[in-house]
Amino acid sequence: MPIYTTLSGAKVPVKVWTDEIEPSAIQQLKNVAALPIVHGHIAAMPDVHMGIGATVGSVIPTRNAIIPAAVGVDIGCGMNAVRTSLTAAALPDTLARLRSAVEAAVPVGFEQHEWDKVRGSAHQRIARPLDDRLDRIVGKHPGLMKMQRQFARTWVCQIGTLGGGNHFIELCLDEADRVWVMLHSGSRGTGNVIGRYFIEAARKDMRRHQVNLPDRDLAYFSEGSDWFDDYVEAVDWAQDYALTNRREMMRLVVEALRPHVPAFTLTDEAINCHHNYVSQETHFGEKLFITRKGAISAREGELGIIPGSMGAKSFIVRGLGNAQSFCSCSHGAGRRMSRTEAKKRFNRFDLAAQTEGVECRKDGGVVDEIPAAYKDIDRVMEQQTDLVEVVHTLKQVLCVKG
């Protein structure tokens with residue numbers, strides 16, 4: 001059964017789809033609700049937990065303004081999934097070779113494609129449609145280049161790369177034992193630079209106008225201000241870059257698999273969706289900026305992806321268009337403890353036990369991603385049956401992390 005309550009003590013209603021929420025996240029939701037730019041109510045998804053300024057797993061409607069820190073620094077982070085014509089029987093008995101092939105094709109962690117191999121290649125042509133737009137942004141804000149070494153090369157070399165943290169590439173099996181490829185990544189280092197640059201600019205702008213905020217990370221740009229249009233242009237670029245990054249990464253993964261499995265095709269079940277982003281939408285008859293910080297769009301009939309932890313399951317879902325959630329749903333299981341706490345409480349042996357049956361890293365470097373650090377994905381799904389319906393249930397058999 002879905003959980004649906006309204007948080008007491010907030011200046012505007014905060015509608016919450018869970019009964020598992022820590023006090024710090026409740027305070028963050030109240031802080032956002034106190035802002036004069038928030039319109040109507042805030043929606044908190046079942047995976048809600050403390051973030052920077054605003055909670056992860058929240059949907060924030062604002063009128064004529066955007067909060068850069070609510071959009072975050074991994075602008076356009078999201079999911080991509082495709083179904084293949086392969087079944088489980090076509091996979092090799094051991095998946096170690098497949099994982100090695102994917103890791104060789106897709107740079108992970110801080111790694112990226114080499115410039116000498118990218119320059120003049122098809123890879124660089126993929127980047128070309130984004131090039132002129134980025135030149136305009138950097139032309140107006142040269143400070144962006146000072147924040148990232150070799151700015152002009154880095155963004156090109158990071159197209160088709162995974163990154164670290166909770167980003168992943170997985171092979172999954174659905175309820176009919178069909179093989180899916182699923183991945184999670186965003187706008188990489190360049191999106192991070194854009195996010196941090198404009199978050200700091202918003203803080204300075206608030207101080208200049210002597211605007212008192214409950215949290216400095218809730219600084220915002222108002223429509224018509226010197227910064228607003230430039231931020232919208234930059235965030236749109238980063239969101240498009242994230243989509244491009246996932247598409248290219250998916251292409252690389254699929255090609256890396258081909259030599260190791262029977263010939264296969266991709267079916268029409270392909271989804272590429274953001275879960276850290278802002279878009280202009282109409283809700284309750286009002287044109288608003290909707291910031292989904294750890295939430296996905298779930299309009300009626302719209303397909304989306306809700307991943308669990310690296311030892312659990314994931315879901316392909318179809319949106320039900322629930323107006324009270326601004327047609328949104330959770331973006332995953334959501335963390336139930338910080339990375340620091342996870343490292344204190346668990347070790348690599350715990351990780352190996354909790355990821356049994358999954359071909360993945362089982363070393364101390366990814367203990368902070370241990371399944372126990374996340375909420376129970378089945379419970380999360382139970383709490384949002386009024387937001388989405390499950391189309392496919394996926395269980396990973398291989399997971400690549402940075």
Side-chain angles (χ1 to χ4, degrees), residues 45 47 49 51 56-57 71-83 99 102-103 105-112 158-172 174 180-189 191-192 238-239 241-254 256 269-277 292-297 303-317 329-335 339 355 358-361 366 368-371 373-375 377 380-381 392-402:
M45 301 294 97
D47 58 341
H49 59 278
V56 179
V71 179
V73 296
D74 196 359
I75 303 167
C77 185
M79 301 290 303
N80 193 359
V82 297
R83 193 175 72 194
R99 179 159 75 95
V102 172
E103 290 170 340
V106 178
V108 302
F110 293 106
E111 298 299 319
Q112 60 188 42
Q158 287 188 342
I159 292 176
T161 67
L162 182 64
N166 62 351
H167 295 159
F168 62 78
I169 301 166
E170 290 184 344
L171 285 190
C172 305
D174 67 13
W180 291 67
V181 183
M182 184 168 71
L183 56 84
H184 170 209
S185 192
S187 52
R188 304 293 288 109
N192 183 285
Q239 289 171 185
Y241 177 83
L243 283 171
T244 301
N245 176 43
R246 289 194 292 272
R247 287 193 192 104
E248 175 60 7
M249 199 178 345
M250 182 61 77
R251 186 189 70 80
L252 292 172
V253 172
V254 168
E269 292 273 7
I271 305 129
N272 196 345
C273 60
H274 296 319
H275 55 224
N276 282 353
Y277 72 110
R292 293 185 176 92
K293 185 182 180 72
I296 66 171
S297 177
L303 290 176
I305 307 166
I306 302 178
S309 68
M310 63 192 287
K313 63 187 75 166
S314 300
F315 298 89
I316 305 299
V317 298
C329 68
S330 79
H331 82 310
R335 296 193 72 91
R339 296 184 182 280
T355 58
V358 180
E359 172 60 45
C360 64
R361 286 180 60 184
V366 290
D368 55 339
E369 282 293 297
I370 193 168
Y374 285 84
K375 295 180 181 181
I377 188 64
V380 167
M381 297 304 296
H392 295 293
T393 300
L394 309 182
K395 180 67 181 77
Q396 72 271 69
V397 293
L398 181 155
C399 177
V400 171
K401 279 195 175 281

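In what follows, every heavy atom counts, from backbone to side chain, and hydrogens, waters and symmetry copies are set aside. No experiment lies behind these values; they were computed from the predicted model shown.
By the side chain to side chain contact (heavy atoms under 4.5 Å, CB included) test, Val73 is found to be paired with Asn192, Arg196, Ile199, residues two or more places apart in sequence or in another chain being considered. Under the side chain to side chain contact (heavy atoms under 4.5 Å, CB included) criterion, Ala81 pairs with Trp180, Met182, Ile305, Ile316, not counting sequence neighbours. Residues satisfying the side chain to side chain contact (heavy atoms under 4.5 Å, CB included) criterion with Ala312, sequence neighbours excluded, are Ser309, Ile377.
Annotation for Arg339 and Asp368: closest pair NH1-OD2, 3.0 Å, computed over non-hydrogen atoms. Between His274 and Leu243 the shortest heavy-atom distance is CE1-CG, 3.5 Å. The two residues Val108 and Val400 have their closest heavy-atom pair at CG1-CG1, 4.1 Å. Scanning both residues, Ser314 and Pro307, for their nearest heavy atoms gives OG-CA, 3.3 Å. When all heavy atoms of Ala238 and Ser187 are compared, the closest pair comes out as O-CB, 3.6 Å. The two residues Ala256 and Ala105 make their nearest non-hydrogen contact at CB-CB, 3.8 Å.
With a 4.5 Å cut-off on side-chain heavy atoms, Tyr374 and Asn166 count as touching. The shortest side-chain heavy-atom distance between His331 and Met79 does not fall under the 4.5 Å cut-off. Annotation: side chain of Phe315 is in contact with side chain of Met381 (closest heavy-atom distance under 4.5 Å). With a 4.5 Å cut-off on side-chain heavy atoms, Asn276 and Val71 do not count as touching. Glu170 is not listed as a side-chain neighbour of Val358, based on a closest heavy-atom distance of 4.5 Å or more. Counting heavy atoms from C-beta on, the side chains of His392 and Arg83 come closer than 4.5 Å. With contacts defined as side-chain heavy-atom distances shorter than 4.5 Å, the pair His184/Met249 does not qualify.
The 12-atom threshold is not exceeded at CD of Glu111, counting heavy atoms of other residues, nucleotides or ligands nearer than 6.0 Å. At most 12 non-hydrogen atoms from other residues, nucleotides or ligands lie less than 6.0 angstrom from NZ of Lys313.
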Verdict with supporting geometry, Val181 and Leu171, side-chain contact (heavy atoms from CB on, under 4.5 Å): CA-CA 5 Å; Val181 183; Leu171 285 190; 3.7 Å; yes
Worked verdict on Glu359 versus Val397 for side-chain contact (heavy atoms from CB on, under 4.5 Å): CA-CA 6 Å; Glu359 172 60 45; Val397 293; over 6 Å; no
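When each of Arg292, Lys293, Gln239 is paired with Tyr277, the side chain to side chain donor-acceptor pair (under 3.5 Å) condition holds for Arg292 and for no other. Each of Gln112, His167, Arg188 was scored for a side chain to side chain donor-acceptor pair (under 3.5 Å) with Thr161, with one residue passing: Arg188. For the side-chain contact (heavy atoms from CB on, under 4.5 Å) with Met250, the lone residue among Leu183, Asn245, Asn272 that qualifies is Leu183.
In this structure a side-chain-to-backbone donor-acceptor pair under 3.5 Å is missing from His275 to Cys273. Arg335 places no side-chain N or O within donor-acceptor distance of the main-chain N or O of Ala373, the cut-off being under 3.5 Å.
Here the straight-line distance linking atom CD1 of Ile169 with atom CG of Leu162 works out to 4.5 Å at 0.5 Å rounding. Atom CD of Glu369 sits about 11.0 Å away from atom SG of Cys360, to the nearest 0.5 Å.
Salt bridge status for Lys401 with Glu103: absent, with no side-chain N to carboxylate O gap under 4.0 Å.
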